[in-house]
Protein chains: 2
Amino acid sequence: MEKQSIIDMLEDHDIQPTQQRIEIAQILFAQDQHLSAEQVLNAVNQLGATVSKATVYNTLGLFADKGLVRQVIVDPSRVFYDSNTSEHHHLYNSDTGMLMDIDARQISIQHLPELPEGVVAEGVDVIIRVRSQASA
Amino acid sequence: MEKQSIIDMLEDHDIQPTQQRIEIAQILFAQDQHLSAEQVLNAVNQLGATVSKATVYNTLGLFADKGLVRQVIVDPSRVFYDSNTSEHHHLYNSDTGMLMDIDARQISIQHLPELPEGVVAEGVDVIIRVRSQASA
DNA sequence: GTCAGTGCAAACCCTTTGCAGAAAG
DNA sequence: CTTTCTGCAAAGGGTTTGCACTGAC
């Protein structure tokens with residue numbers, strides 16, 4: 001994804017395209033992937049850029065708020081940020097930490113229950129948890 | 001649930017029924033519920049008992065390993081332990097932190113995708129995320 | 001008496017925060 | 001110039017760990 005389309009994407013989502021945000025977005029949107037904050041930090045700084053930890057966290061939080069990425073909560077120890085925002089679910093290997101997308105069409109949810117009063121739906125997460133065969 | 005059935009339950013799951021474990025189990029299995037480690041700690045100690053934080057964490061981890069409770073990972077800031085181990089899913093209000101059970105029969109998953117090689121399924125979590133109406 | 005379990009406090013790790021300096025418009 | 005963003009380092013909060021003490025059998 002080239003720089004100008006990144007900038008356009010950020011502006012479309014009411015995000016000021018600063019240099020750090022552009023660099024982080026370039027990492028995230030290079031492909032559909034799931035990265036932790038630390039992985040983003042490493043990746044950005046391996047490109048020669050220098051973005052601080054605080055800015056990575058701020059930016060990922062901002063991107064999530066604005067709908068550019070989706071937080072994936074599958075492991076209590078860290079949050080993953082998913083650059084694929086199309087409807088899909090996840091398969092998580094708790095032994096390896098590997099997180100895979102599953103096309104939403106592969107899982108059909110028949111009928112959602114009626115929600116309690118005063119709440120609005122945000123989304124539905126489906127997580128298929130697996131382990132490597134040998135392990136416990 | 002009376003003390004003797006708690007002890008039987010622990011022994012059935014290869015867990016030595018120590019006093020602290022019995023107290024924690026009595027809290028957990030008083031009803032189907034979702035408690036964080038901190039909530040268990042408070043609840044246990046309000047009963048006049050004294051169980052240390054380390055033991056609460058150790059015990060909850062042990063119970064989860066042995067299948068007595070189920071970890072529910074919906075919020076990056078803390079893990080909930082669910083004393084209802086029958087098949088069901090969850091509804092989570094991220095504004096209030098409220099976690100509710102949803103009967104598995106209310107959601108039907110049509111067909112699971114084939115798993116990658118070398119992995120075995122552990123389970124499928126479905127989380128319906130909601131917010132309180134007023135909020136963002 | 002032996003081994004597993006417990007408790008305390010310190011260590012850990014991811015994440016957030018306060019605040020001064022830098023950059024964007 | 002004004003406002004927003006960034007970076008540093010320190011603080012925060014849930015969880016884990018090391019190790020000596022206690023309890024179970």
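Computed from heavy atoms alone, side chains included, the values below leave out hydrogens, waters and symmetry copies. Numbered from 1 within each chain, the chains take letters A, B, ... in sequence-line order.
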Open item on the list: If you compare all heavy atoms of B:Ser86 against all heavy atoms of B:Arg70, which two are closest, and at what distance to 0.1 Å?
Closed with: O-NH1, 4.0 Å

Task: Side chains of B:His88 and B:Asn84 in contact at under 4.5 Å (non-hydrogen atoms) - done: yes

Open item on the list: Please report the distance, rounded to the nearest Å, between CG in B:Asn58 and P in D:dT16.
Closed with: 9 Å

Open item on the list: Between A:Arg129 and A:Asp95 (salt bridge meaning N to carboxylate O under 4.0 Å), is one present in this structure?
Closed with: no

- [ ] Find the distance B:Gln16:CD to C:dT2:P and express it as a whole number of Å.
- [x] 18 Å

Open item on the list: If you assign each of B:Glu38 and A:Val56 to its closest nucleotide in DNA chain D, which residue comes earlier from the 5' end?
Closed with: A:Val56

- [ ] Report the distance from atom CD1 of B:Ile7 to atom P of D:dA24, rounded to the nearest whole Å.
- [x] 11 Å

Task: Options D:dT15, C:dT15, D:dG7, nucleotide nearest the side-chain atoms of A:Ser52 - done: D:dG7

Open item on the list: It should be established whether B:Thr18 places a side-chain nitrogen or oxygen under 4.0 Å from OP1 or OP2 of nucleotide C:dA4.
Closed with: no

Open item on the list: Could you check whether any side-chain heavy atom of A:Val74 comes within less than 4.5 Å of a side-chain heavy atom of B:Ile73, counting everything from C-beta outward?
Closed with: no

Open item on the list: Just N and O in the side chain of A:Tyr57: are any of them under 4.0 Å from OP1 or OP2 of C:dT15?
Closed with: yes

TODO: Indicate, with a heavy-atom threshold strictly under 4.0 Å, whether A:Thr50 touches base, sugar-phosphate, or nothing.
DONE: sugar-phosphate

- [ ] Please report, rounded to the nearest Å, how far the P atom of C:dC14 is from the CG atom of A:Asn42.
- [x] 11 Å

Task: Whole-Å distance separating the CD1 atom of A:Ile15 from the P atom of D:dT4 - done: 16 Å

Task: Listed nucleotide nearest any side-chain atom of B:Thr59, set D:dT15, C:dC14, C:dT6 - done: C:dT6

Open item on the list: Is it true that, when you exclude B:Glu2 itself, more than 12 heavy atoms of the residues, nucleotides or ligands shown sit nearer than 6.0 Å to its CD?
Closed with: no

Task: Distance in angstrom units between B:Leu10 CG and D:dA24 P, rounded - done: 14 Å

Open item on the list: Can you tell me if A:Gln20 touches the phosphate of C:dA23, counting only side-chain N or O atoms and a distance under 4.0 Å to OP1 or OP2?
Closed with: no

Open item on the list: Measure CG/B:Leu62 against P/C:dA4 and give the value in whole Å, please.
Closed with: 14 Å

- [ ] Let me know, please, whether B:Arg21 or B:Ala54 comes out on the 5' side of the other along DNA chain C by nearest nucleotide.
- [x] B:Arg21

Open item on the list: I want to check one thing: is the phosphate of C:dG5, taken as OP1 and OP2, less than 4.0 Å away from some side-chain N or O of B:Thr55?
Closed with: no

Task: Nearest-Å distance for atom pair CD/P, residues B:Gln71 and D:dG14 - done: 16 Å

